[in-house]
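Okay, so here's the structure we're looking at.
What you are looking at is a predicted structure, and each value in this text was computed from that prediction instead of being measured. Basis for what follows: all heavy atoms, side chains included, without hydrogens, waters or symmetry-related copies.
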Amino acid sequence: MKRHAFEQLDAWKKSPHRRPLVLMGARQVGKTWLMQEFGRTAYRRVAYISFDTNEDMRRRFERDLDVQRLLTAIQLEAGFPLDAEDTLIIFDEVQECPRALTSLKYFCEFAPQYHIMAAGSLLGVSAHEGTGWPVGKIDTLPVYPMSFTEFLDATGNGQLHEAIARRDWPLLTDFASRAEDLLRHYYYVGGMPAVVARFAENNDFTEVRGAQLGLLDDYRRDFTKHAPAVETPRLSLVWNSIPVQLARENKRFSGNAVQQGMRVARLEVALQWLADSGLVYRVPRVSKPALPLAGYQETAFKAYVLDVGLLSAQCGLAPKTLLEKNRVFTEFKGALTEQYVQQQLRAEFGTAPYYWSAGANRAEVDFLFEQDGATVPLEVKAETNLRSKSLLSYVQRFSPPVSVRCSMAPYSRQPLQDGSTLLNIPLFGVSALRAECADALR
């Protein structure tokens, strides 16, 4: 598989300021595969240690953190000399050995010439922040489920990915039907690497759903393993409520949608655990779209899961829905489409979006993000119906230089009366959104 993260890993390897790298992401997003595959292709040798199965190395790190002794132990475990410039050292499942996380500080200070990567369950790793976390001594790389363009590459549709990257909109309009078919598949399959690999192998949607349900069960078991026992019931309640939250007309997270009479404040610890695990992302509301957006965020928020395919499994989306043209895009009041767009913003650009609403008049813009000193509003339309009262209300009120609408309609670039630009980006072309905005802002 081709993952965008390889470019970032290559830049890390070549950086003169390289520090030990910790890959951060939810379980099963492909962190182990990324480290091992990058080691295989970019280094002569890989010294791989998995702390969940290697009790001897866990004991070695618990004993002391003298870097030279640790390097000797790693060399003995690997069975070959460690070449500082051509050996990648991998610490996997580091949540099982918190001292291995702490050791990265000392590797950074006393053996910076060694190339070291680490990863583990984000829920387990985040639990150790503040207790031996190597602040300022590591680099981090967020890892997300595969984006739609990575899905295209993995399923033999790399040429379509290349056309999107070139922003060849006339060609893409000609092949829109094919692109939309593949996008429907992505809504169902999602971007979890093991699920995508199964789908790429046999195109069996039933097998895909079985793999997704297995992952969902694994996540629920993780709640009991890592979370405080008192929070486990609330974790399950919040996790199970996300499809209900997103299927509502007003997608603002509501305690009542979790349990009748429940206040959001009582769910804060559970929500934070799910966010720390990478399983749930909060999109905060801003009432004033000024920069920086983080300075104007409010307590209200929308909540999304990590992957559109897992959301479709939670919602019980039937495979036959894929045959009914655009129904999959509008199902559950467009919940899958909003989930898809915010997921691509994170996976393709590392963008954590916000949303805007005006309160009493119910005007709401699905997402806001910052680009080149501007706040860009982004409205998501699950169909070709392009009536955008909320977006137009926002434009009239705040006069943004560029606005974006993602829909099933073809690409267009429309000048507005106030001199600003409205971009319509096809849903399958979200990965070109940033480049289109940059052009419009010039």
Side-chain angles (χ1 to χ4, degrees), residues 2-8 142 144-187 190-191 196 308 326 329 334 336-353 365-384 386 388 391 400-416 420-442:
K2 294 166 65 177
R3 298 296 307 267
H4 300 328
F6 275 118
E7 296 177 12
Q8 294 162 287
Y144 301 99
M146 298 173 72
S147 68
F148 178 56
T149 54
E150 289 175 317
F151 173 84
L152 291 177
D153 289 334
T155 54
N157 295 283
Q159 290 184 328
L160 185 58
H161 175 189
E162 292 171 7
I164 294 171
R166 293 194 310 269
R167 293 183 282 157
D168 189 341
W169 300 117
L171 179 65
L172 290 167
T173 299
D174 291 340
F175 286 89
S177 179
R178 173 62 176 159
E180 289 164 9
D181 282 344
L182 291 166
L183 185 57
R184 277 193 286 272
H185 293 171
Y186 181 76
Y187 274 33
V196 174
V308 66
N326 294 335
F329 300 120
L336 294 175
T337 300
E338 273 197 40
Q339 165 70 39
Y340 159 76
V341 171
Q342 73 84 32
Q343 183 175 334
Q344 303 314 298
L345 290 174
R346 295 179 194 278
E348 292 280 0
F349 314 116
T351 295
V365 172
D366 298 311
F367 301 112
L368 298 179
F369 60 91
E370 299 174 13
Q371 175 151 350
D372 300 335
T375 297
V376 179
L378 167 59
E379 185 165 68
V380 176
K381 306 291 285 185
E383 304 176 84
T384 54
L386 301 185
S388 305
L391 182 59
V402 61
S403 307
V404 180
R405 184 172 51 207
C406 288
S407 73
M408 297 299 295
Y411 170 83
S412 65
R413 186 167 176 168
Q414 177 184 349
L416 301 180
S420 65
T421 300
L422 173 61
L423 297 172
N424 190 83
I425 308 291
L427 285 167
F428 59 76
V430 172
S431 63
L433 184 152
R434 283 281 197 181
E436 286 291 333
C437 287
D439 282 355
L441 286 167
R442 288 193 180 99

Criterion side-chain contact (heavy atoms from CB on, under 4.5 Å) against Leu160, the qualifying member of Thr149, Leu172, Thr155: Leu172
Ala409 backbone acceptor or donor facing Asn424 side chain under 3.5 Å: yes
Minimum heavy-atom distance between Ala382 and Gly334, given as atom pair plus value: CB-CA, 4.4 Å
Residue list, ring pair (Phe, Tyr, Trp, His ring centres under 6.0 Å) with Phe148, at least two apart or on another chain: Tyr186
Name of the residue among Pro377, Pro400, Ser403 meeting side-chain contact (heavy atoms from CB on, under 4.5 Å) with Val365: Pro377
With sequence neighbours excluded, residues passing salt bridge (charged side-chain N to carboxylate O under 4.0 Å, His left out) with Arg166: Asp168
Donor-acceptor pair, side chain of Thr421 and main chain of Val402, under 3.5 angstrom: no
Residues forming a ring pair (Phe, Tyr, Trp, His ring centres under 6.0 Å) with Tyr411, sequence neighbours excluded: Trp169
Set of salt bridge (charged side-chain N to carboxylate O under 4.0 Å, His left out) partners for Glu150, sequence neighbours left out: Arg3
Results of salt bridge (charged side-chain N to carboxylate O under 4.0 Å, His left out) for Glu436 - residues two or more places apart only: Arg167
Residue pair Phe329 / Arg184, side-chain heavy-atom distance below 4.5 Å: yes
For Leu423 against Ala440, the heavy-atom pair lying closest together: CD1-CB, 4.4 Å
Between Gln339 and Gln343, a side-chain donor and acceptor under 3.5 Å: yes
Heavy-atom closest contact (Gly190 atom, Phe151 atom, distance): O-CD1, 4.0 Å
Asp366 side chain to Val380 backbone, donor-acceptor under 3.5 Å: yes
Tyr340 side-chain N/O to Leu427 backbone N/O, donor-acceptor pair under 3.5 Å: yes
Donor-acceptor contact present, side-chain Glu348 to main-chain Val430, <3.5 Å: no
With sequence neighbours excluded, residues passing ring pair (Phe, Tyr, Trp, His ring centres under 6.0 Å) with Phe349: none
